[in-house]
Number of protein chains: 2
Amino acid sequence: MIPGASRRLAATRATLLPEHKPEGTRGVILEVSLKLFAERGYAGASIREIAEAVGMKSASLYAHYPSKEHILAELCRIGHEEHRRSIQRALLECGADPRDQVVAYVHAHVAMHAQFPMLAVVANGELHALSSELGAATFELRNQSIQMLEDIVRRGIERGVFQIPHVWLGVAAIGAMGMRVAYWYTPEFELSSQRVADVYAEFALRLLGASAPVHSEAPADRSAAQSGPAQG
Amino acid sequence: MIPGASRRLAATRATLLPEHKPEGTRGVILEVSLKLFAERGYAGASIREIAEAVGMKSASLYAHYPSKEHILAELCRIGHEEHRRSIQRALLECGADPRDQVVAYVHAHVAMHAQFPMLAVVANGELHALSSELGAATFELRNQSIQMLEDIVRRGIERGVFQIPHVWLGVAAIGAMGMRVAYWYTPEFELSSQRVADVYAEFALRLLGASAPVHSEAPADRSAAQSGPAQG
DNA sequence: GTCAACCTACCGATCGATCGGTTGTTTTCT
DNA sequence: AGAAAACAACCGATCGATCGGTAGGTTGAC
């Protein structure tokens, strides 16, 4: 089992990509809020705790953000934007084969949840705390990301490379297993985030009943470990 | 997509099995707390809201439970006990084939998350809010349930019926996809909870690279596909 | 048969603490 | 000098929890 089981998630450090982190104090507030929201939940973290962790008084926060909710809204937006961006980029770099696209999607999906676990936990798990006004844009991003996977799967079925009892359930299951990674992954895990993403991409292909690719030069070493190839 | 996306979970009714629901007022308090904890989180639900939903003043709650945390502790315990009990029972009713055992486990796992979504969401997602003293027993239950699946998978690998790159990741992925069901399933979903559980059991077999069973009378229609029933 | 004792269930009032947020002032940096 | 940043002080509201007390029913000794 994963140690420290009484914590909400295993990660201990809040990371924000430089391109998403505002300059100066705003960035510090955002990163500190991310950590506290991830560890205690939005309702469980107070602005005084945030301020103290930043090194200032709670009143000073309001010179940088108009409300606690606006901080959460920005974190949710950043999380889902990064999620969509990394998936979009991965899809652009792979070919037209639905199998490659699923691998690209799931790899990006899982890697993001492993590399930015706190951002993923907050952006997904605290989104409901936002008013519809502040959360609308983020919901739209989220739906787009889900739709992308569904489109890939449906196209794969039409081409006969996927066999699955229920498309929506498959998409939900693949999304779910990746999302959960954010709760247990730490850099101390025996596998790198990239290797975890590789394995999960293989899981997704299996789950979709993917047929063996015909185009690959090498005889498809998809089943990596353990030994034998699984699932034809 | 699932409607009502701004809610934390799709379910709207809190259900507690009669054998878990205390008699009288204690039972009402527990069920009402379950609903509010599921919808707003433990920190986001106040004892005054709970009391008002029950139909009494907050002071009266303390005649039935010593603290807010004790209410959560009981809900977490009930949730994980029911989870373990339903899995245990399913395993007793299936044979010795690891494939059957995985099907039994995942079916029970998913069915419980679909039938008692609020209980699952609270027992899993708010467990971290408990002090180590009040949460210890529940953590133990949780670890036992996970261990049971890991044992099944390892035994299946030893017998050569499963092929999987990484046992722990497989167990984590299977657990994750089931847990997520609690967030989107409602009785209005196009499939019954039993059918959803069937499909997820098939997903798990695929994910584990299960070889076709030799004992089955019918020629293993596991790959069902596209529409037909999953899981043979 | 009655009345004091006891019990369960609940309530109004209130506790100290903390909540998110506002105001006006001071400090800091350029 | 002037703008940005942080401050102390404070707001009304709400937090979880405690208190003494009350209404209504049951019990049992006399």
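Order of the sequence lines fixes the chain letters, A, B, ..., with proteins taken first and strands second; residue numbering starts at 1 for each chain.
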Worksheet item: So how far off straight is the helix from C:dG1-D:dC30 to C:dT30-D:dA1, going by the axes through five pairs at either end, to 10°?
Response: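 For the helix from C:dG1-D:dC30 to C:dT30-D:dA1, the axes at either end differ by 20°.
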Worksheet item: Who pairs with A:E52 by salt bridge (charged side-chain N to carboxylate O under 4.0 Å, His left out), at least two apart in sequence or on another chain?
Response: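 Residues passing salt bridge (charged side-chain N to carboxylate O under 4.0 Å, His left out) with A:E52: none at all.
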Whole-Å distance separating the [atom1] atom of [X] from the [atom2] atom of [N]:
X	N	atom1	atom2	value
B:R26	C:dC10	CZ	C1'	16 Å
A:L61	D:dA6	CG	P	9 Å
A:Y65	D:dA6	OH	C1'	17 Å
B:M56	C:dA9	CE	P	9 Å

Worksheet item: For A:H64 and D:dA4, is the shortest distance between a side-chain N/O and OP1 or OP2 below 4.0 Å?
Response: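 It does not, given that no N or O in the side chain of A:H64 lies less than 4.0 Å from OP1 or OP2 of D:dA4.
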Fill in: Pair A:S192-A:Q194, side-chain donor/acceptor within less than 3.5 Å
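No, A:Q194 and A:S192 have no side-chain donor paired with an acceptor closer than 3.5 Å.
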Worksheet item: Among side-chain atoms of B:D151 and B:Q147, is any donor-acceptor pair under 3.5 angstrom?
Response: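 The criterion, which ignores hydrogens and geometry beyond distance, is satisfied for B:Q147 and B:D151.
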Worksheet item: Is the Lys NZ or Arg CZ of A:R206 less than 6.0 Å from the centre of A:F203's six-membered ring, within 45° of the axis?
Response: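 Because its charged atom misses either the 6.0 Å distance or the 45° angle limit, A:R206 does not stack over A:F203.
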Worksheet entry | Ring-face cation of A:R26 near A:Y65 (centre distance under 6.0 Å, axis angle within 45°) |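 So A:R26 does make the cation-pi contact.
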Worksheet item: Would you find a donor on one side and an acceptor on the other, under 3.5 Å apart, between the side chain of A:Y42 and the backbone of A:L72?
Response: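 Flag not set: sc A:Y42 to bb A:L72 has no pair under 3.5 Å.
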Discussion item. Please check this pair: side chain of B:K21 against backbone of B:L30, looking for a donor-acceptor N/O pair closer than 3.5 Å.
Written reply: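 No; zero donor-acceptor contacts below 3.5 Å.
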Worksheet item: What string of B, S and - do you get for nucleotides 16-30 of chain C, 5' to 3', when a contact is any protein heavy atom under 4.0 Å?
Response: ---BBBBB-------
Worksheet item: Hey, mind stepping through B:R77 and B:E81 against salt bridge (charged side-chain N to carboxylate O under 4.0 Å, His left out) and telling me if it holds?
Response: CA-CA 6 Å; B:R77 183 189 55 77; B:E81 271 185 4; 3.1 Å; yes
